[in-house]
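Data block below; observations after.
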Amino acid sequence: MDHRSRQNQFQQTLADDELDGFVVTHPANLRYLCGYTGSNGLLLFFGGSRIFFTDGRYTQQAREEVQDARIVITKGPLLNEAAKQFGRLRSAIGFEADHTTVTVAADMRKLVRKKTAWKPTSGLIMHQRMRKDAEELRIIRDAVKMGAAVYEQALPSIRAGVKESEVAGRLEFAAREAGADGMSFDTIVAAGRRSALPHGRASSQAIPKRGFVVVDSGVAWRGYCSDMTRTVHVGPVSREERRWYEAVLAAQLAGIAAVRPGTTAGEVDQAARHVLRKTKLDRFFTHSTGHGVGLEIHEPPRLGKQQEERLEAGMVITIEPGVYIPGKGGIRIEDMVVVTAKGCQVLTPVTKELIEI
Ligand code: ZN
Ligand code: ZN
């Protein structure tokens, strides 16, 4: 990973925002900027240098992982040690307001002299993380392939009478066997009427004799998340159910077709939603069309109504419309795509034809 260029780019952001320093503590941001994967770490940007603080439990891990920063092992709270660097000059130090508790923010003020001002910031590192570099894209492609392979391994376990949790267990075992770091979120397996729950985590309920089964799952691979959803049907599909499925698939394809640099996230959402409106199913589409994915499972941009963020090449997003009809069932189809110079490329290599089991 080219941590140095990421740090240099962030240093430029600090200069543009007239910040003399910055404290990073959010784990995904630490991993992104310096490679550290442990907990209790703090990366300080100050006076053109980078210092990484952690405690004695992580001495070896920090030495192995941390790139392009001096490592300081501390006995006390990391912030206290970091604050000692600021000295007597007037300075403005940024911190991650979205990841700082009210308690910590109150403590921070006590740690510094009057001339040091803490500046709450939001999304500065995330903004940089939205566009993935070449190495991140390689890892994400591998994560998506692994996520697809383990889904396909679990697919034969989907049949009437099998518990949702067993399907999830087979999928998760396959992920571990493939060498995944873990799952990128709690696996969703929602069968029959439960498929109408957009976030129906796998329960102990058995798959009924007929109905949709929504499987939404992802692996974490070298820190990066995959995310995919497929909906299959157990037993014969009714004409109405097929119509719902075809509508969701058409909406998903329309969403993908709308993805290109310069388009707003809201326009992509609108493209998918519009297809469902034509068949009067849009009122059952109760969430946004997708989200960014990377070191975290939900990252910006959010592809929701009126979202003004413009897509750029290198962003990795999901396209995942769904309809959820209370008492009957639900369908969601989700792929990961990367925004390219001219449009996008679908990463998820799994068929979207309706599978009847
Ligand atoms: Zn998902
Ligand atoms: Zn998703």
Side-chain angles (χ1 to χ4, degrees), residues 1-55 62 65-74 76-133 136 223 292 294-296 299-302 308-310 312 314-315:
M1 293 284 178
D2 192 356
H3 294 99
R4 181 174 296 256
S5 70
R6 292 180 192 171
Q7 292 178 10
N8 288 342
Q9 194 185 334
F10 185 58
Q11 197 99 43
Q12 188 56 51
T13 304
L14 298 183
D16 294 345
D17 289 7
E18 294 176 345
L19 292 168
D20 305 298
F22 199 90
V23 166
V24 185
T25 55
H26 180 54
N29 287 341
L30 287 174
R31 184 167 191 156
Y32 175 77
L33 286 170
C34 73
Y36 180 68
T37 66
S39 58
N40 203 35
L42 184 156
L43 179 64
L44 174 68
F45 287 75
F46 189 70
S49 67
R50 279 80 88 150
I51 311 174
F52 178 82
F53 299 87
T54 187
D55 66 72
E65 292 180 343
V66 173
Q67 304 289 315
D68 301 302
R70 184 159 67 84
I71 297 167
V72 175
I73 307 297
T74 73
L78 309 185
L79 257 172
N80 300 33
E81 293 299 317
K84 287 179 189 164
Q85 306 290 322
F86 301 153
R88 294 166 189 282
L89 294 175
R90 186 173 294 279
S91 58
I93 312 294
F95 67 97
E96 302 156 301
D98 300 330
H99 305 288
T100 304
T101 63
V102 174
T103 311
V104 169
D107 288 346
M108 284 163 70
R109 257 167 236 125
K110 296 180 201 147
L111 290 177
V112 294
R113 294 164 198 269
K114 277 215 173 86
K115 287 196 169 177
T116 304
W118 290 109
K119 299 283 183 192
T121 69
S122 181
L124 287 190
I125 303 167
M126 194 62 245
H127 188 77
Q128 187 175 325
R129 280 172 45 199
M130 271 200 286
R131 269 170 291 116
K132 273 63 182 173
D133 60 36
E136 290 182 291
L295 287 168
E296 293 172 282
E299 296 185 356
R302 193 172 78 81
E308 297 295 326
E309 185 83 54
R310 285 191 189 279
E312 292 177 49
M315 286 182 175

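As a basis for the values below, the full set of heavy atoms in this structure was taken, side chains included, without hydrogen atoms, waters or symmetry mates.
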Donor-acceptor pair, distance only, cut-off 3.5 Å: does the side chain of [X] make one with the backbone of [Y]?
{"X": "Thr54", "Y": "Ile73", "value": "no"}
{"X": "Glu96", "Y": "Thr25", "value": "yes"}
{"X": "Asp55", "Y": "Thr74", "value": "no"}
{"X": "Glu299", "Y": "Met130", "value": "no"}

Side chains of [Y] and [X]: any donor to acceptor distance under 3.5 Å?
{"X": "Ser5", "Y": "Asp2", "value": "yes"}
{"X": "Arg50", "Y": "Gln7", "value": "yes"}
{"X": "Gln12", "Y": "Asn8", "value": "no"}
{"X": "Glu65", "Y": "Thr37", "value": "yes"}

Candidate pair Met315 and Arg310, rule side chain to side chain contact (heavy atoms under 4.5 Å, CB included), full reasoning: CA-CA 10 Å; Met315 286 182 175; Arg310 285 191 189 279; over 6 Å; no
Would you indicate whether the side-chain heavy atoms of [Y] and [X] approach each other to under 4.5 Å?
{"X": "Tyr32", "Y": "His3", "result": "no"}
{"X": "Tyr36", "Y": "Arg31", "result": "no"}
{"X": "Val23", "Y": "Ile93", "result": "yes"}
{"X": "Arg70", "Y": "Ser49", "result": "no"}

CA sep, side-chain torsions, deciding dist, call: Gln67, Arg4, side chain to side chain contact (heavy atoms under 4.5 Å, CB included): CA-CA 8 Å; Gln67 304 289 315; Arg4 181 174 296 256; over 6 Å; no
How close do Cys34 and Phe52 get, counting heavy atoms only, and between which atoms?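 So the two residues come closest at SG-CD1, 4.0 Å.
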Using every non-hydrogen atom in the two residues, find where Ala62 and Ile71 come nearest and quote the distance to one decimal.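 Minimum heavy-atom separation between Ala62 and Ile71: O-CD1, 3.4 Å.
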Can Arg129 and Glu136 be counted as an ion pair, charged N to O under 4.0 angstrom?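 Judged by the 4.0 Å cut-off on N to carboxylate O distance, Arg129 and Glu136 do not form a salt bridge.
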Show your reasoning for whether side chain to side chain contact (heavy atoms under 4.5 Å, CB included) applies to Leu33 and Val24. CA-CA 9 Å; Leu33 286 170; Val24 185; 4.0 Å; yes
At what distance, to the nearest 0.5 angstrom, does CG of Asp20 lie from CZ of Phe45?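 Result: 14.0 Å between the selected atoms.
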Atom pair NE2 (His99) and CG (Asn29), whose distance is rounded to the nearest 0.5 Å: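 It comes to 5.5 Å.
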CA sep, side-chain torsions, deciding dist, call: Leu124, Asp17, side chain to side chain contact (heavy atoms under 4.5 Å, CB included): CA-CA 10 Å; Leu124 287 190; Asp17 289 7; 3.5 Å; yes
Looking at Phe46 versus Phe22, is the centre-to-centre ring distance below 6.0 Å?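 Between Phe46 and Phe22, the centre distance exceeds or equals 6.0 Å.
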How would you list, by chain and number, every residue that makes a side chain to side chain contact (heavy atoms under 4.5 Å, CB included) with Ala82, sequence neighbours excluded?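 Ala82: side chain to side chain contact (heavy atoms under 4.5 Å, CB included) contacts with Leu42, Leu44, Phe53.
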Residues two or more places apart in sequence or in another chain: which of them pass side chain to side chain donor-acceptor pair (under 3.5 Å) with Glu81?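 For Glu81, the residues satisfying side chain to side chain donor-acceptor pair (under 3.5 Å) (neighbours in sequence not counted) are Lys84.
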Donor-acceptor contacts, no H, no angles, side chain residues 108-121, under 3.5 Å, sequence neighbours left out:
from, atom 1, to, atom 2, distance (Å)
Trp118, NE1, Met108, O, 2.9
Thr121, OG1, Phe95, O, 2.8

Using the rule given for salt bridge (charged side-chain N to carboxylate O under 4.0 Å, His left out), can you reason through Asp133 versus Arg6, listing the C-alpha separation, both sets of side-chain angles and the distance that settles it, and then say yes or no? CA-CA 9 Å; Asp133 60 36; Arg6 292 180 192 171; 3.0 Å; yes
What do the steps show when you test Glu309 against His127 for side-chain hydrogen bond (donor to acceptor under 3.5 Å, both in side chains), and what is the final call? CA-CA 11 Å; Glu309 185 83 54; His127 188 77; 4.8 Å; no
